[in-house]
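Working notes, beginning with the structure itself.
The basis for the numbers below is simple: all heavy atoms, side chains too, and nothing from hydrogens, waters or symmetry mates.
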Amino acid sequence: MKILAYIPDEDWIEQILGAVEDIEGELTAFVLNEKLAETAVKRFDKVYLAKIERFELNTVREAVKQVLKEYNPDILLAPSTNKGRAVAGTFMGLTDAAGVSDVIRIELEGESMVLERLVYGGTAKARLKMHPPLSICISPGYFKMENVLDKPGEVIEVNVSMPDVETVFKPREVSENDPTKADVVVAAGRGVKDEKDMEMIKELAKALGGAWSVTRPLAADYGWADSWIGISGIVVSPKIYIAVGISGQPHHMMGARNSKIIISINKDPNAPIFEETDYGIVGDLYKVIPKILEKLREG
Amino acid sequence: MMKILVPIKLCYDVGQMKFDSNTGEPILDAVPRSMGEADRCALEEALKIKDSIGGEVVVVTIGEARTHSKMLRDAFAMGATGGYLVSTGDYDKIDLNTVTMIFKALVEATGPYDLIIMGAGSTDTHSSLLPPMLGAKLGIKTVVGIDKLEYADGEITAVCTYGDGSYTYKLKPPALLSVTSEANLPRIPTIKDILRAKKMKFEELSVESLVENIGKVDVLGIEKYIVPRKKLIWEVDSEDKLAEALENILSVLREGV
Ligand SMILES: Cc1cc2nc3c(=O)[nH]c(=O)nc-3n(C[C@H](O)[C@H](O)[C@H](O)COP(=O)(O)OP(=O)(O)OC[C@H]3O[C@@H](n4cnc5c(N)ncnc54)[C@H](O)[C@@H]3O)c2cc1C
């Protein structure tokens, strides 16, 4: 099989390769910057490089058209992120390939593929039978390459047309707090009543060497954070996820469910979060969190 | 004057999903449905443009009159000036390519449109693939995942948040734009709007009149997605209980970090 993988950044290389580890074939990457091409070329047979510094879909579309002139993949792989879905959808529109997103499992069955994807806000998974040409967007945190293979790949540069859409890019502020990379994530929900109480959450994250985040209302409505965990926010898959004052609505859990261990603290014994909890405390977070901090300080 | 098309989808309220306790299969008949959240925001953006410079806002959906006319009326009550129902009983199974071809054919038959504004992703499946697909198929400028949209002096300004930061795009129509549910708070129709909408009619078109081949998704099964959890829950009604719970949780934390 011919596989073309859109790699938005280095972090996705292992996951993308993990998704197709059991499939034999030619592995080709599509990247938008030179530095990433240099990294990717060690893992892929071929790397198509379109130098597009600031992501702009219409320019990307023209570059994808160039690649398709030379290379017709059976499978396009991309992450289930904004950019990944945009590139995958563009590929589908240009080729009539079928496609799915939020894929958590890939199996080869003769000439066809059986894919498992999350649906209904991550409350259900569907098994679908599909046939190449096919575009697959994988969910973050579900795939990881087991055997790293060095490949003597080559980089092929693709001509990029001048965009006619003016683009201004403001990079995300680099912060030490990165829930997508941390082993422990402490997340606060509306049970936290005041912005100043977020200090307690941040302190807990710090004491555990982890990162902190929030549910959507705390970020989108109250402005206590720049991002949130969930279907419309970021997806995390830490070793330990601590949900503090979070009810556990599907939209939120879609971004947290892939955590290894879920610990939750909620005063309502019927909160849905407890259905998805490994270790839970039914109690007031304002009593429980200070106690945990105290114990952690004691060592 | 602008002519804007807004494709809308009838979505399940995923917060109210119900599953058969034996088979784990969803009991979809028991789940309420309404216009997708982001679709509603897309409609709001289209209406804001219409309110400021005038024009038409046409909605389109794929489904059955029986199930979908309420949503179309809802769109009329918000302010949509016209609507199409592409009718088929199999709307839940049609694949994305067919949906794209249906909208493309509809645009060609009823357009041209200055703008196509749609929800970035649906509330229930959330693939977010359709807008970039349709944009590529129509060969028009496309911006997806817009959190903030402005239209002034013939120019669109779209702000999108992607993983690495925020992108501001400036472009001119014609274009296809997909907006997220963060884009705005959609207007709530008044009783008067609702009564007015009752008298409005949508035009029904058959799927077959727009596309030749109808591709279907081959679903082998759908079941509740469960990640097995230990579910050790402590109700801490006393200090002792709290101490016990904390001991357990702290040992997990110490092991984990
Ligand atoms: C299209 C769409 C997309 C969405 N996307 C997301 C998303 O990506 N991420 C997201 O998070 N949400 C998202 N939402 C919103 C989501 O549906 C929920 O509304 C949200 O997750 C609820 O946040 P919460 O758990 O903080 O608040 P609530 O649901 O209000 O829960 C607060 C919890 O705190 C508990 N509590 C209160 N006081 C205390 C106390 N003193 N001690 C202990 N517990 C206490 C309560 O018992 C309650 O369970 C989306 C919604 C829609 C419609």
Side-chain angles (χ1 to χ4, degrees), chain A residues 54-58 61 81-83 85-86 88-90 92-94 96 98-99 101 114 118-129 165-172 183-184 208-209 220 231-232 239-240 249-250 257 261-263 269 274 276-283 291-292 295, chain B residues 12 14-15 17 26 95-97 100 124-137 141-145 160 162-171 180-182 217-225 227 229-236 242 245-246 248-250 252-253 256-257:
Chain A
R54 285 163 296 196
F55 187 92
E56 196 283 303
L57 189 56
N58 303 285
R61 186 197 289 162
T81 56
N82 281 328
K83 286 185 189 174
R85 293 171 204 260
T90 299
M92 290 166 73
L94 293 174
D96 294 329
S101 64
V114 175
L118 300 174
V119 279
Y120 303 131
T123 59
K125 64 175 181 192
R127 277 172 74 79
L128 310 168
K129 191 167 181 169
V165 174
E166 188 190 319
T167 307
V168 177
F169 174 55
K170 198 169 147 254
R172 196 169 55 150
D183 280 344
V184 179
L208 297 169
I231 197 164
S232 55
K239 287 193 187 130
I240 301 180
Q249 296 303 318
R257 195 170 280 126
I261 295 174
I262 296 185
I263 296 177
F274 286 127
E276 306 202 44
T277 291
D278 291 294
Y279 305 93
I281 295 186
V282 180
K291 277 255 158 66
I292 296 181
K295 297 259 180 196
Chain B
Y12 291 100
V14 297
M17 288 299 295
D95 68 21
L96 275 170
N97 282 306
T100 308
D124 49 11
T125 40
H126 218 272
S127 291
S128 306
L129 293 169
L130 186 60
M133 280 175 84
L134 186 57
K137 206 39 109 211
K141 272 176 266 172
T142 304
V143 180
V144 297
C160 308
Y162 299 155
D164 54 351
S166 116
Y167 290 78
T168 304
Y169 301 110
K170 280 192 197 295
L171 64 161
T180 70
S181 51
E182 312 307 314
V217 185
D218 190 359
V219 181
L220 303 176
I222 304 185
E223 62 184 52
K224 187 170 183 174
Y225 180 52
V227 178
R229 295 288 171 196
K230 292 198 176 64
K231 292 195 199 170
L232 296 173
I233 316 287
W234 290 274
E235 302 227 13
V236 292
L242 178 58
L246 286 180
N248 280 283
I249 283 179
L250 280 159
V252 175
L253 289 177
V257 291

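Separating the NE2 atom in H126(B) from the OG atom in S232(A) is a distance of 6.0 Å, to the nearest 0.5 Å. Atom-to-atom distance recorded for D278(A):CG and I233(B):CD1 is 8.5 Å, nearest 0.5 angstrom.
In this structure, chain A has heavy atoms under 4.5 Å from both the backbone and the side chain of S127(B). Using a 4.5 Å cut-off between heavy atoms, Y169(B) contacts chain A through both its backbone and its side chain. Proximity to chain A is limited to the side chain of V227(B), based on heavy atoms less than 4.5 angstrom apart. Proximity to chain B (any heavy atom under 4.5 Å) is shown, for T277(A), by both the backbone and the side chain. For I263(A), the part sitting under 4.5 Å from any heavy atom of chain B is the side chain, from C-beta outward, and nothing else. For chain A, the nearby parts of V236(B) are the backbone and the side chain; heavy atoms of each come within less than 4.5 Å. Both the backbone and the side chain of R257(A) come within contact range of chain B, judged by heavy atoms closer than 4.5 Å.
When all heavy atoms are compared, the tightest approach of I292(A) to L246(B) is CG1-CD2, 3.4 Å. A pairwise comparison of heavy atoms in R61(A) and T142(B) identifies NH2-OG1, 2.8 Å as the closest pair. The heavy-atom pair separating L129(B) from M92(A) by the smallest distance is CD1-SD, 4.0 Å. Between L250(B) and K295(A), the shortest heavy-atom contact is CD1-CB, 3.3 Å. The shortest non-hydrogen separation linking V252(B) to I240(A) is O-CD1, 3.9 Å. Here the shortest heavy-atom pairing between P132(B) and A86(A) reads CB-O, 3.4 Å.
Side chains of E235(B) and P269(A) form a contact here, defined as non-hydrogen atoms less than 4.5 Å apart. By the 4.5 Å heavy-atom criterion applied to side chains, T100(B) and D96(A) are not counted as neighbours. Put simply, the side chain of T81(A) does not reach to within 4.5 Å of the side chain of Y162(B), judged on heavy atoms. The shortest distance between side-chain heavy atoms of L57(A) and K141(B) does not fall below 4.5 Å.
In summary, D164(B) and R172(A) do not engage in a salt bridge, as defined by a charged side-chain N under 4.0 Å from a carboxylate O.
In this structure, K125(A) contributes its side chain and Y225(B) its backbone to no donor-acceptor pair below 3.5 Å.
Interface remark: of the candidates S181(B), P131(B), G135(B), G135(B) forms the most heavy-atom pairs closer than 4.5 Å to chain A. Most heavy-atom pairs under 4.5 Å with chain A, from the set V219(B), D95(B), N248(B): that is V219(B). Between chain A and the options M133(B), K231(B), R229(B), K170(B), heavy-atom pairs under 4.5 Å are most frequent for R229(B). The greatest number of non-hydrogen atom pairs below 4.5 Å with chain A, out of G163(B), G221(B), A245(B), is found for G221(B). Contact count versus chain B (heavy atoms, under 4.5 Å) is highest, among K291(A), K239(A), R54(A), for K291(A). Contact count versus chain A (heavy atoms, under 4.5 Å) is highest, among V217(B), T125(B), T180(B), N97(B), for N97(B). For chain B, the option among T123(A), I281(A), T167(A), N82(A) with the highest count of heavy-atom pairs below 4.5 Å is T123(A). Here I249(B) is the residue among L242(B), L171(B), L96(B), I249(B) with the most heavy-atom pairs under 4.5 Å with chain A.
Classified by interplanar angle (parallel below 30°, tilted 30° to 60°, perpendicular above 60°), the ring pair Y279(A)/W234(B) is parallel.
Applying the side chain to side chain contact (heavy atoms under 4.5 Å, CB included) rule to A126(A) yields the partners R117(A), V119(A), L128(A), I222(B); only residues at least two apart in sequence or on another chain are considered. Every salt bridge (Lys or Arg N to Asp or Glu O under 4.0 Å) that E182(B) has, sequence neighbours left out, goes to R216(A).
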